[in-house]
Amino acid sequence: MTDPRREAILIRRQDQSGFDDKTPDVIEYAPEGDFTSLTFRVAGGRKKYSYSARKVLILRNPQQEPIGEMDGVSVRGRSVQGVTEVWRFQGSGQTWWRVFSSADGRERYQTCRLDEISIMRAADPDAGARDVLHYWRDVVSHLGRNDPLRPLYQNLERIPHGSVLSLYLNGENPAPPAGADELILPFSSNLSQREALRKGLSHRISVIDGPPGTGKTQTILNLVANIISSPGQTVGIVSFNNAAVENVRDKLANEGFGHVVADLRRSDVRRGFFEGQHPANVKAQRLAGGSVTPMPAAGRISDLDGEVQRLQALAGEAALLRQELDAFRLERRHFSLHVEGHQLPRLPALKLLRLPAIRILEFLAETAAIPEEESLLSRLFRQFKTRFRYGSTRDLDPQDTDVVLRLQAAYYDNKIAELERTLEAAEERLAQGNQSGLEDELKHVSRQALEASLHQRYAGARRQDYSNDTYLQHFTSFAYDYPVILSTCHSLRRSIPSGFMLDYLIIDEASQVDLLAAGLALSCARNVIIVGDLRQLPHIPDRSASGHARPAPAPGYDYGKHSILSSVVERFGGGLPRTMLREHYRCDPAIIDFCNRKFYGGQLVPYTVSDPGSRALVVVSTARGNHMRQHPGGRTNQREAEVIAREVLTTFCSGTEPGNIGVVTPYRRQVDKVAEALQNTIESALPNSNTIEADTVHKFQGREKDIIIMSTVLDETKSGRSGIEFVDNPQLVNVAVSRAVKRFVLVTNHQMLPASRHLRDLVRFIQYQDPGNEVFDSAVLSVFDLLYKDYAAALRPLAARLQNSSRFASENIVWTLLLELLAEEAYEDFAVAQQVVLRNLLPDLSRLTSGQVSYVRNRATVDFVVYNRITNMPVLAVEVDGFAFHEADARQTVRDGLKDAICRAHGIPLLRLPTTGSGEEQLIRRRLATAILEKESR
């Protein structure tokens, strides 16, 4: 007879959903060609059966798992009493376990897969993990007496072995297994979402960064579909707020998959589920088990997906081209206004003007480096090379800034025309590829695969009559019937039996989930996929509890500083499987462009298109006067509330349904002021306007409206400036702006909050987006960002070809220093351009003397200009002064004086760095700090 400690013989069930353990009755077995003969002990003798070799699984060479007296073992959610031995078998591409137990003097055993066993260790071998758990328990002990976390942490005495909590606390994230199963995509999916799916399903801990409007919910739906299509697998979905979980529930229901979901959140919701939804689900499950859906042909989904991905990559290129084209058109508008102010003469018809845009910049770069004293031979050679490359330029004086500005205008015209042609070609290829048709077919075939797998799950299964009081007693079959468990982080441990572990846990809105709540949820699952956005509002910890508790044993586990998202990112660093969703589908391109530049490093790709003639961004200032009032527990601004109700709604919201309008503000008390003003004044302006929602920015996270109006509340009084840190929070600003789909209106005081940083950038960005409707006129023009990005690229190879010039060597050093400094987080809003034509920074020459005008016209440049990359406004000009070319050269000293005077006249901060000086890095840092903290708008 086979020894159950040496061998395990399993036979696949008829429904193909798993194996039965036949070892107790097997006396002997032998292979017979393509079949295996098994002899069983039966009543009165023995009986011989033959099974297809593919249906018989024989496991050998087990290893014994050490189990202590205090360890707990659960199989399929049920605790096993009297465990004596646990053996681990390898076979069929996975690990199998056999648990022996003794009761009433009789030995029994049961065999299960790795995902069906849970071993609760009495003492975790890693002291660091225990220290974190003890620290969290200490924090919980300082929470309110009735806080729901208290009893839950009293019961969490041990870290469940095999849980993702154990991995997280021990800093382990095992390498993924080789290869990956075929993905199914029954819901819409793009390239970055696919990457997130693969990482999430092949790693035990992974992160999905989901900026606004990038399809987090669609990604979660596809994750759920892939998980539950595997026989017996389960997934729990939790979040900081109910809205995110309900969104997933409702979308699954709308797609016809509501019968796989059990909503087990609060006790009242759970009771409602069993009394109302569960009976309907039983009927749907029976229907799913009875209607046979064929599985798609092998490779069909992969083949379709490959073609769809090719077209989606092309669509991504087109979206990037559209984004770049919009940016160049806007910058060209600013440049045109600048050129019109200088009344430039027309250029002759030259071959150079018809060349590609980059060749025009190369000409400007080469002519900018002409030495003052040039030999006849060098000049002749240069002229010959220039004629060969660019055609005749005999009538051009490249040192005249009138000529430079005209050539820059030609660069913009040619660049825009090139982008338009490239975009048109990409769109033609997309039209020929039938992208939408193939995407629909991929969703249809993937849905077919999901329905076929659900048929296997429900076919022939006996439906249990679950209730709120009994489902925990039958949880293994309950989880098989309901593979998607909805709960909260707090209640998940109460929603499933002790010792049961879900295969996957998805934490949505994870930036708002604190470590204490997350730790409870992590103890209930083997794998976790954390979905959130660190650039949106974080959780609000209980400062009293964190302040009175012992210090965190490691910074990454500090309850007061971290959400589960930020903690995992810090804990695992660069080794963390992490995907950023980049394709954006919600906001008008101008709206998301601010968030993209300011908060996401330009990584987002907008797929939306602006309505012709729309003003997506508007800033409205109140009349002069200090209108803010401070109250116990908050601030209000009656004037801003009245401006919203009486002016903003009629001017910027006409034609929009009131239910699609939202008003946000940082302060709860201002919400009441706005609601009162709306109630008192807007009925005459907007019928049915009582459906306009007003709330705090925090409450609007995760929501959207066609139009969002933001009241900043603050003014320029001392009391108002004291609230800047709260209102100017970058995550708050990001959330407020990105709630708007079609239009964002900022209502603020008449001085535009110059003491702020992020709101000030928002105001200036709005002004930059709409140059014909600026609130104020600046004496300094924006740096033409796109032009100078390309110009810098054209300068670099030229600088490498120059023979001897210590001036360029010193500039290269400062260029490198500036790039390194601006890579730091403190200066993330800044970028730098090199060799900026001074005239590009001046709106006109009327403030200058005749000598200064002559100097500017003769192609005077600034070595470097540091500018705000969100607003394109310069914040610091930097000149590198080599001794031989400056201090020791009287003519250059005169030029330097002219440049200093010109910059002073137009309010351009200028920093000179002599090559004989020292402490350059500290000088630059001080000037950048001043730019960040500037108190007055220029």
Side-chain angles (χ1 to χ4, degrees), residues 12-18 54 179-191 193-198 200-202 215 217-235 237 248-262 280-312 315 433-461 463 479-484 503-504 506 529:
R12 186 180 293 277
R13 293 195 291 269
Q14 291 299 322
D15 62 6
Q16 304 294 303
S17 63
R54 290 175 300 178
D181 294 336
E182 181 180 68
L183 292 177
I184 62 171
L185 301 163
F187 307 98
S188 298
S189 187
N190 56 43
L191 296 177
Q193 289 170 354
R194 275 186 193 78
E195 180 187 351
L197 288 176
R198 294 190 186 281
L201 296 171
S202 60
T217 301
Q218 293 296 108
T219 308
I220 291 173
L221 293 176
N222 277 317
L223 281 168
V224 168
N226 281 273
I227 292 168
I228 66 175
S229 66
S230 297
Q233 286 205 332
T234 56
V235 56
I237 303 175
V248 174
R249 179 200 63 190
D250 294 344
K251 289 195 173 182
L252 283 172
N254 292 338
E255 292 290 338
F257 298 108
H259 57 282
V260 304
V261 179
N281 287 345
V282 169
K283 295 179 182 178
Q285 290 169 2
R286 285 174 179 161
L287 183 63
S291 58
V292 180
T293 302
M295 188 68 72
R300 175 61 176 156
I301 293 177
S302 294
D303 292 344
L304 267 175
D305 191 33
E307 187 64 19
V308 168
Q309 287 189 60
R310 182 185 67 80
L311 290 172
Q312 286 182 340
N434 188 26
Q435 180 185 354
S436 61
L438 287 173
E439 287 178 338
D440 289 342
E441 186 176 358
L442 175 60
K443 287 191 290 185
H444 173 73
V445 177
S446 295
R447 184 186 179 101
Q448 184 180 343
L450 177 57
E451 290 175 345
S453 68
L454 292 179
H455 165 73
Q456 293 180 4
R457 180 181 287 265
Y458 295 120
R463 301 276 78 77
Y480 191 84
D481 291 342
Y482 288 105
V484 182
D503 295 293
Y504 286 88
I506 298 174
I529 301 165

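The analysis underlying the following values was restricted to heavy atoms, covering all of them including side chains, and did not include hydrogens, waters or symmetry mates. Worth saying up front: this structure is predicted, and the values here are computed from it rather than measured.
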- Query: Can you tell if the side chain of Asp303 reaches within under 4.5 Å of the side chain of Glu307, non-hydrogen atoms only?
  - Reply: no
- Note on the structure: Nearest heavy-atom approach of Ala452 to Thr293 is CB-O, 3.1 Å
- Residue set satisfying side-chain hydrogen bond (donor to acceptor under 3.5 Å, both in side chains) with Ser453, at least two apart, ordered chain then number -> none
- Query: How far apart are the closest heavy atoms of Arg457 and Gly232, and which atoms are they?
  - Reply: NH2-N, 3.5 Å
- Message: Quick check for you: to the nearest 0.5 Å, what is the distance between Leu197 atom CG and Ile227 atom CD1?
- Response: 9.5 Å
- Sequence neighbours excluded, which residues qualify as side-chain hydrogen bond (donor to acceptor under 3.5 Å, both in side chains) partners of Asn226? none
- Item | Shortest non-hydrogen contact from Pro483 toward Asp481 | CD-O, 3.3 Å
- Note on the structure: Rounded to the nearest 0.5 Å, the NE2 atom of His455 sits from the CD atom of Gln448 at a distance of 13.0 Å
- With the side chain counted from C-beta on, respond yes when Arg194 and Leu185 share a heavy-atom pair under 4.5 Å apart, and no when they do not. yes
- Message: Distance check, rounded to the nearest 0.5 Å: Asn190 atom CG versus Gln309 atom CD?
- Response: 10.0 Å
For residues 251-260, please give each side-chain donor-acceptor pair under 3.5 Å, one per line with the distance, not counting sequence neighbours.
from   : atom 1 : to     : atom 2 : distance (Å)
Asn254 : ND2    : Asp250 : O      : 3.2
Glu255 : OE1    : Arg447 : NH1    : 3.4

- Query: Would you say Val235 and Leu223 make side-chain contact, with heavy atoms under 4.5 Å?
  - Reply: no
- Query: Where do Ile301 and Leu183 come nearest, in terms of heavy atoms and distance?
  - Reply: CG2-O, 3.3 Å
- Message: So, using ring-ring contact (aromatic ring centres under 6.0 Å, His included) as the criterion, who are the partners of Tyr482 when residues are at least two apart?
- Response: Phe273, His278, Phe478
- Is a salt bridge present between Arg198 and Glu195, judged by a nitrogen-to-oxygen distance below 4.0 Å? no
- Query: Does Arg286 count as lying over the ring of Tyr458, i.e. NZ or CZ under 6.0 Å from the six-ring centre, within 45 degrees of the axis?
  - Reply: no
- Query: Is Gln233 reaching over with its side chain to a backbone N or O of Ser230, donor-acceptor style, under 3.5 angstrom?
  - Reply: no
Acceptor/donor pairs from residues 435-443 side chains to any protein atom, 3.5 angstrom cut, sequence neighbours excluded:
from   : atom 1 : to     : atom 2 : distance (Å)
Gln435 : NE2    : Glu439 : OE2    : 3.0
Glu439 : OE2    : Gln312 : NE2    : 2.9
Glu441 : OE2    : Arg300 : NH2    : 2.1
Lys443 : NZ     : Ser188 : OG     : 3.4

- Ser229 vs Ile184 side-chain heavy atoms within contact, under 4.5 Å: yes
- Item | N/O donor-acceptor pair under 3.5 Å between Glu182 side chain and Ser302 backbone | yes
- Which residues satisfy the side-chain hydrogen bond (donor to acceptor under 3.5 Å, both in side chains) test with Thr234, sequence neighbours excluded? Asp503
- Item | Pair Gln218-Asn222, side-chain donor/acceptor within less than 3.5 Å | no
- Any side-chain heavy atom of Leu454 within less than 4.5 Å of one from Gln285? no
- What pair of heavy atoms forms the shortest contact from Pro186 to Ser446, and how long is it? N-CB, 3.3 Å
